[in-house]
Amino acid sequence: MKKLSAILIVIALYLPAMAQSVANRQVLALTGAKIYPSPGAKPITAGVVLVQDGKITAVGSSKTVKIPSEAYVIDCKGKVLTAGFWNCHVHFIEPKWLHADSLPAAQLSKQLSDMFGRYGFTHVFDLAVFDFSNLLALRKRITAGEVSGPAIMSVGVPFTPPNGSPVYIRPLKLPEIGTPAEATAYVQKQIQAGADGIKIWAASPNGHEVVPMPLDVARAAVSAAHALGKPVFAHPTSDAGVDIAIESGVDVLAHVAPDDHRPWDTATIHNLLRHKTALIPSLKLFKWELLRIGLPLDNGNLIATALQQAGSYVKAGGEILFGTDVGYVTDYSTTDEFDFLAQAGFSFDQILTALTTAPAKKFGLGAQTGRVAVGMDADLVVLEADPATDSKRFADVAYTLAKGKIIYQAGK
């Protein structure tokens, strides 16, 4: 009897793990959707995607892909399926993210679903946080499978030039660095702590003036980050900030820079292209800021200038990454961003590229995510309608899957 009791205890202890293992091995079939495998690729009508162990195991039409009898089937007829989206400009600075190491997993999963899964994001890049250890705790819980959410990359805590802490984060301040040696040491410390990149304020509005970062400081930061294989982002603010970012070798501009109300001319576009600088337009930010402070949307042609800068760069063949500044922008919806990109002249393929293949490649994950193909991670989004005919449909998400796990389902 004692032996039987011991066996029953062992079974009770291991049954949940066994059930989870079986669930991981079960085949998931997404059926009936129009599939866009990657930007520029021919779409598959009435397609099927099979997923097992977090990977895509088959992609094709319903005529060529056999669905296993034991598969769990999600009917996507009338819907559209693409690779999961990237948001390359987010922030975890709202108070609800505090104590990420101890908040209930269900609460954190719901917050992540509302902010990211609801809009198709399977990967996000945090571009400024005030408590890096807190974000690392959240990332650890997601990676462990305890919390459901997107993969998180982060620049940790960025820095500004002396007297350059942005006016809009008061009473908080960011590190202010004024020498190349200090910049090098700070970058190395951030990356050692777990940062996936570095962010600088190439020019920062402190409430009285826009303070430029000394070029030698910016160059030192870029050199130190690149020596450790990490990208550098810059918040440009002004035309001077754009020039400093370009000349220092920054990899990504976190915004267009319409504050000076001057369109980007041919020389600026050429300089960006020559230095292979990627751009996150973050166009919705400018509408949101104007509304937040009660100014008219045509104030100083700010939005028109932002649209011109983004449109000119994509038309010239510049590299574009999608991002919305969400977390600082407290309206999480992506509809305005897609609408602005279309107004700026972005095509469907250019938007899809900015959402999927461009960031995956830029941040070293192009071999495992960003496309709907056999062997890739099952990072997928199912849309209610086809964004090829209306870019705002990119925001109408039915399902989001991260490595085969459903992290968002409409209506639930």
> Closest approach of L112 and S148, non-hydrogen atoms and distance?
Replying inline: CD1-O, 3.6 Å
>> Evaluate F348 against F394 for ring pair (Phe, Tyr, Trp, His ring centres under 6.0 Å), listing each step before the verdict.
In response: CA-CA 10 Å; F348 163 75; F394 275 114; 5.7 Å; yes
> So H255 and F286, would you call those rings parallel, tilted or perpendicular, with 30° and 60° as cut-offs?
Replying inline: perpendicular
> Considering all heavy atoms of both residues, which atom of I56 and which atom of V372 are nearest to each other, and what is their separation?
Replying inline: CD1-CA, 4.0 Å
>> Salt bridge or not between R393 and D396? Use side-chain N to carboxylate O under 4.0 Å.
In response: yes
>> Is the shortest side-chain heavy-atom distance between T305 and L302 below 4.5 Å?
In response: no
>> For the NE2 atom on H99, are there more than 12 heavy atoms of other groups (residues, nucleotides or ligands in this structure) within a distance under 6.0 Å?
In response: no
> If we ignore angles and hydrogens, is there a donor and acceptor under 3.5 Å between the side chains of Q188 and Q192?
Replying inline: no
> Taking atom CG of D126 and atom SG of C88, what is their separation to the nearest 0.5 Å?
Replying inline: 12.0 Å
> Are side-chain N/O atoms of S391 and D339 paired as donor and acceptor at under 3.5 Å?
Replying inline: no
>> Can you confirm whether K110 is buried at NZ, in the sense that more than 12 heavy atoms of other residues, nucleotides or ligands lie under 6.0 Å from that atom?
In response: no
>> Keeping S204 on the side-chain end and G164 on the backbone end, is there a donor-acceptor pair under 3.5 Å?
In response: yes
>> Testing the 3.5 Å rule here: is there a donor-acceptor pair between the side chains of H89 and S282?
In response: yes
> Closest approach of P166 and L174, non-hydrogen atoms and distance?
Replying inline: CD-CD1, 4.0 Å
> Is there a side-chain contact between L355 and W86, using heavy atoms and a 4.5 Å cut-off?
Replying inline: no
> Mind checking what makes salt bridge (Lys or Arg N to Asp or Glu O under 4.0 Å) contact with K140, not counting sequence neighbours?
Replying inline: none
>> Between H226 and D251, is there a side-chain donor-acceptor contact under 3.5 Å, judged purely by atom types and distance?
In response: yes
> So, Q111 side chain and K96 main chain: donor-acceptor pair closer than 3.5 Å or not?
Replying inline: yes
> For the side-chain contact (heavy atoms from CB on, under 4.5 Å) test, which of S248, P161, P180 pairs with P214?
Replying inline: P161
> What are the two closest heavy atoms between I244 and A218, and how far apart are they?
Replying inline: CG2-CB, 4.1 Å
> Checking ring-ring contact (aromatic ring centres under 6.0 Å, His included) against F322, which of F338, F85, F346 comes through?
Replying inline: F338
>> Would K55 and V51 count as a side chain to side chain contact (heavy atoms under 4.5 Å, CB included) here? Give the steps.
In response: CA-CA 6 Å; K55 296 286 186 179; V51 174; over 6 Å; no
> Looking at K284 and D325, does any basic side-chain N land under 4.0 Å from a carboxylate oxygen?
Replying inline: no
>> Quick one, T57 with V374, criterion side chain to side chain contact (heavy atoms under 4.5 Å, CB included). Give me CA distance, side-chain angles, the key distance, then yes/no.
In response: CA-CA 5 Å; T57 58; V374 173; 5.7 Å; no
>> Quick one, V65 and V59 - any side-chain contact, counting heavy atoms below 4.5 Å?
In response: no
> Between K362 and E319, is there a side-chain N and carboxylate O pair less than 4.0 Å apart?
Replying inline: yes
> Should the ring pair F159 and Y186 be called parallel, tilted or perpendicular, given that the plane angle runs from 0 to 90° and is split at 30 and 60?
Replying inline: perpendicular
>> Ignoring hydrogens and geometry beyond distance, is a side-chain donor-acceptor pair present between Q350 and T353 at under 3.5 Å?
In response: no
> Minimum heavy-atom separation for G156 to A195, with atom names?
Replying inline: N-CB, 4.4 Å
>> Students often mix this up, so state it plainly: with edges at 30° and 60°, are the rings of H91 and Y328 parallel, tilted or perpendicular?
In response: perpendicular
> Between atom CD1 of I406 and atom CG of L28, what is the distance when rounded to the nearest 0.5 Å?
Replying inline: 6.0 Å
> Are Y313 and L272 close enough, and set up right, to give a side chain to side chain contact (heavy atoms under 4.5 Å, CB included), and what steps lead you there?
Replying inline: CA-CA 8 Å; Y313 198 46; L272 286 164; 3.5 Å; yes
> Which value, rounded to the nearest 0.5 Å, describes the distance between D216 atom CG and R219 atom CZ?
Replying inline: 8.5 Å
>> Run the ring pair (Phe, Tyr, Trp, His ring centres under 6.0 Å) test on F363 and F125 for me, step by step, so that the C-alpha distance in whole Å, both residues' side-chain angles and the decisive distance to 0.1 Å come before the verdict.
In response: CA-CA 10 Å; F363 303 124; F125 215 128; 4.8 Å; yes
> Among T357, D379, D377, which one satisfies side-chain hydrogen bond (donor to acceptor under 3.5 Å, both in side chains) with T369?
Replying inline: D379
> Does a side-chain heavy-atom distance below 4.5 Å link W264 with Q308?
Replying inline: yes
>> With a 4.5 Å cut-off on side-chain heavy atoms, are F233 and I200 touching?
In response: no
>> Test your reading of the model: is there a side-chain donor-acceptor pair from R371 to the backbone of P39, 3.5 Å cut-off?
In response: no
>> Under the side chain to side chain donor-acceptor pair (under 3.5 Å) definition, can you give me all pairs with a residue in residues 64-82, not counting sequence neighbours?
In response: S61-T64
> Is D336 paired with K392 through a side-chain N to carboxylate O contact shorter than 4.0 Å?
Replying inline: no
> Looking at side-chain heavy atoms only, is the closest gap between P258 and Q309 below 4.5 Å?
Replying inline: yes
>> Between D349 and G40 (side chain of the first, backbone of the second, donor and acceptor by atom type, cut-off under 3.5 Å), is there such a pair?
In response: yes
>> Could you check whether any side-chain heavy atom of L383 comes within less than 4.5 Å of a side-chain heavy atom of V397, counting everything from C-beta outward?
In response: yes
> Any chance the side chains of D386 and Y36 put a donor and an acceptor closer than 3.5 Å?
Replying inline: yes
>> Parallel, tilted or perpendicular, judged at 30° and 60°: which one describes the rings of F121 and F116?
In response: perpendicular
>> Is it true that T330 and E94 share a donor-acceptor pair across their side chains at a distance under 3.5 Å?
In response: no
>> Check this for me: does any side-chain nitrogen of one of D196 and R139 sit under 4.0 Å from a carboxylate oxygen of the other?
In response: yes
>> Would you say NZ of K315 has more than 12 non-hydrogen atoms from neighbouring residues, nucleotides or ligands within 6.0 angstrom?
In response: no
>> Working to the nearest 0.5 angstrom, can you tell me the gap between I303 CD1 and L290 CG?
In response: 5.5 Å
> Are the side chain of T335 and the backbone of A395 linked by a donor-acceptor contact shorter than 3.5 Å?
Replying inline: no
> Between N206 and H208, which heavy-atom pair has the shortest distance, and what is it?
Replying inline: OD1-N, 2.8 Å
> Using a distance-only test with no angle check, is there a side-chain donor-acceptor pair under 3.5 angstrom linking T268 and H270?
Replying inline: no
> OG of S109 to CG of L103: how many Å apart, nearest 0.5 Å?
Replying inline: 11.0 Å
>> Let's go through I280 and L127 carefully: what are the C-alpha distance in whole Å and the side-chain angles of both, what is the deciding distance for side chain to side chain contact (heavy atoms under 4.5 Å, CB included) to 0.1 Å, and is it a yes or a no?
In response: CA-CA 11 Å; I280 308 170; L127 293 194; 4.2 Å; yes
> Hey, is the main chain of E337 close enough, under 3.5 Å, to the side chain of T334 for a donor-acceptor pair?
Replying inline: no
> Any side-chain heavy atom of D114 sitting closer than 4.5 Å to one from R118?
Replying inline: no
